[in-house]
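Have a look at the structure below before the remarks.
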Number of protein chains: 2
Amino acid sequence: MSVEHSLDLLWGNGKRPSRGPKPTLTVPQIARAAIEIADAEGLDAVSMQRVAGELGYTTMSLYRYVPSKDQLVDVMLDIVLGEPPAIDHAGAWRAGVQTWVREVWGIYRRHAWLLRLPVSQAPVGPNRAAWFECALRVLSGIGLREDEMVSLSLFVDGATRELARSTADRRQASTSFATMLQRSADAERFPTLTGLLDSGVFDNADDTPDDLAPNFDFGLQRLLDGIEVYVQARREA
Amino acid sequence: MSVEHSLDLLWGNGKRPSRGPKPTLTVPQIARAAIEIADAEGLDAVSMQRVAGELGYTTMSLYRYVPSKDQLVDVMLDIVLGEPPAIDHAGAWRAGVQTWVREVWGIYRRHAWLLRLPVSQAPVGPNRAAWFECALRVLSGIGLREDEMVSLSLFVDGATRELARSTADRRQASTSFATMLQRSADAERFPTLTGLLDSGVFDNADDTPDDLAPNFDFGLQRLLDGIEVYVQARREA
DNA sequence: CTAAAACTGTGTATCAAATACACGAAAATA
DNA sequence: TATTTTCGTGTATTTGATACACAGTTTTAG
């Protein structure tokens with residue numbers, strides 16, 4: 001299975017063969033070259049040819065290191081995530097979650113192509129595991145059951161990802177979200193939408209450069225409120 | 001811009017030219033054929049050749065209707081969403097949101113390929129607008145500001161989408177999430193994760209056939225709690 | 001009513017990108 | 001030193017999107 005192979009790649013289970021010439025490249029090196037291309041010109045610009053070219057090798061040489069392009073992308077994902085920060089979660093779980101989210105948001109911001117990857121189907125590499133671990137640690141010890149911690153981690157992660165995506169897309173879209181809707185909406189069919197459009201809510205929302213989109217932050221705060229309530233209720237029970 | 005053209009396609013701004021033979025196909029018809037293929041065999045099976053073949057036409061004939069495959073996919077998206085249900089939101093916003101989510105979840109369930117689309121960058125078609133409208137309507141009148149309603153709609157939509165995705169992926173993955181982690185995790189590096197693994201939290205979670213994944217539902221409930229708290233606080237202020 | 005115009009469906013051709021395969025050079029081992 | 005194994009490479013195949021030009025069809029101008 002390719003998953004197996006990807007895992008080897010990701011977790012470095014490589015036994016160096018004793019014979020033959022030594023490899024001059026490494027998988028991380030290749031992945032890093034690919035990441036640079038993706039950062040600069042988007043994921044579509046990342047072809048095996050291009051990556052190899054950037055490294056000064058031929059296309060096919062890469063296949064000595066990576067069994068397929070998809071697997072290379074898996075590696076790119078894990079490498080670009082990097083190590084999660086050490087979040088000091090002493091009691092301050094709410095701040096902890098926010099830090100976590102902000103960090104992830106920043107990564108998405110710096111590497112917009114990440115948002116195009118089918119992350120959830122990619123095999124889990126060391127860094128992704130570490131980020132997950134980090135989230136769980138932040139949430140642990142505040143009175144949630146284990147499965148609840150997992151649920152919330154996934155929920156926060158998912159919301160962050162998808163909101164980052166829609167924010168980025170709206171940012172890059174030549175036609176803004178508002179314009180797009182404006183053009184389409186007719187008042188009878190979409191009264192609420194039309195009302196909002198007229199009120200200007202959609203105009204240049206999310207222009208925040210590095211911070212969380214206000215759109216996202218509001219939802220996140222409500223979620224955190226909800227967790228607080230739940231934890232409290234549980235404690236009292 | 002292709003966005004413009006897509007919008008025409010989606011909203012049916014087509015002025016039939018007066019000259020020449022009449023077209024025998026229609027864009028929705030083509031899209032529906034493509035959807036059937038995607039449902040049955042996944043998005044990768046949808047090639048222009050295949051779609052045309054299914055309709056009994058040649059590959060190039062499709063280009064008389066659709067300027068590119070990407071635009072066809074945009075149309076597929078809007079068509080497969082269909083019309084949102086009429087949610088009776090008389091006061092029961094919480095139930096309303098849950099209904100909305102459940103419906104969307106069902107669509108994702110029936111058309112897993114939807115989760116692979118870069119939805120947020122696709123132009124908004126009539127049905128997508130209607131779903132958005134529907135969500136806004138459910139949230140309106142409960143004491144939120146307009147921009148807050150928008151934020152929450154996006155947040156819920158995003159979380160639903162990404163959680164549906166990860167649930168689907170885990171479902172279809174031959175190697176389950178647990179196994180994958182099990183293989184990778186080492187106890188020193190990922191203590192919390194390892195602990196959870198041992199506790200069996202990951203084993204056959206989310207086997208729910210049609211309902212929301214419990215994983216997702218928990219997060220959603222917390223979010224709804226949070227909204228409730230917020231609305232209440234606002235009312236009192 | 002006829003010719004020009006515009007559009008339809010089609011066949012052929014191009015282009016890009018992944019990747020299978022086989023080769024010669026290099027390194028380790030017997 | 002002969003053999004084995006692996007490396008980097010060149011070539012070839014495949015798949016899919018899509019440009020382009022052609023022939024038949026339907027309108028409308030004149």
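Within every chain, numbering begins at 1; the chains are lettered A, B, ... in the order of the sequence lines, protein sequences first and strands thereafter. Treat the numbers as computed from the prediction; the structure is a model and nothing was measured.
- What you find for A:P123 and A:R128 is that their closest heavy atoms are O-NH2, 3.9 Å.
- B:Q49 has its CD atom 14 Å from the P atom of D:dT14, to the nearest Å.
- Whole-Å rounding puts the B:I30 CD1 to C:dT8 C1' distance at 13 Å.
- One atom, CG of B:L62, and another, P of D:dA19, lie 14 Å apart when rounded to the nearest Å.
- If you check every strand for non-hydrogen atoms under 4.0 Å, A:M60 touches a base.
- Rounded to whole angstrom, the span from the NZ atom of A:K22 across to the C1' atom of D:dC7 amounts to 12 Å.
- Distance B:R50 CZ to D:dT14 P: 20 Å, rounded to the nearest Å.
- Residue B:T59 is classed as a base contact, given a heavy-atom separation below 4.0 Å to a base.
- Going from atom OH of B:Y57 over to atom P of C:dG11 covers 13 Å, rounded to whole Å.
- Using a 4.0 Å cut-off, no side-chain N or O of B:Y65 falls inside it from OP1 or OP2 of C:dT8.
- Projected onto DNA chain D by closest heavy-atom contact, B:V46 and B:P21 fall at different nucleotides, the more 5' of which corresponds to B:V46.
- Residue A:Y63 places none of its side-chain N or O atoms closer than 4.0 Å to OP1 or OP2 of D:dT9.
- Rounded to a whole Å, the NZ atom of B:K69 is 15 Å from the P atom of D:dA19.
- A close approach under 4.0 Å does occur between a side-chain nitrogen or oxygen of B:T24 and OP1 or OP2 of C:dG9.
- The distance from the CG atom of B:L72 to the OH atom of B:Y65 is 13.0 Å, given to the nearest 0.5 Å.
- The separation between B:L55 atom CG and C:dT10 atom P is 11 Å, rounded to whole Å.
- With hydrogens and angles left out, the side-chain atoms of B:Y57 and B:T24 include a donor and acceptor closer than 3.5 Å.
- Not a single donor-acceptor contact under 3.5 angstrom links the side-chain atoms of A:R19 to the base of D:dT6.
- In this structure, the side chains of B:W11 and B:P126 come closer than 4.5 Å at one or more pairs of heavy atoms.
- Under 4.0 angstrom from either OP1 or OP2 of D:dG8 there lies no side-chain N or O belonging to A:S61.
- Pairing each heavy atom of A:I79 with each of A:A31, the nearest pair is CD1-CB, 3.8 Å.
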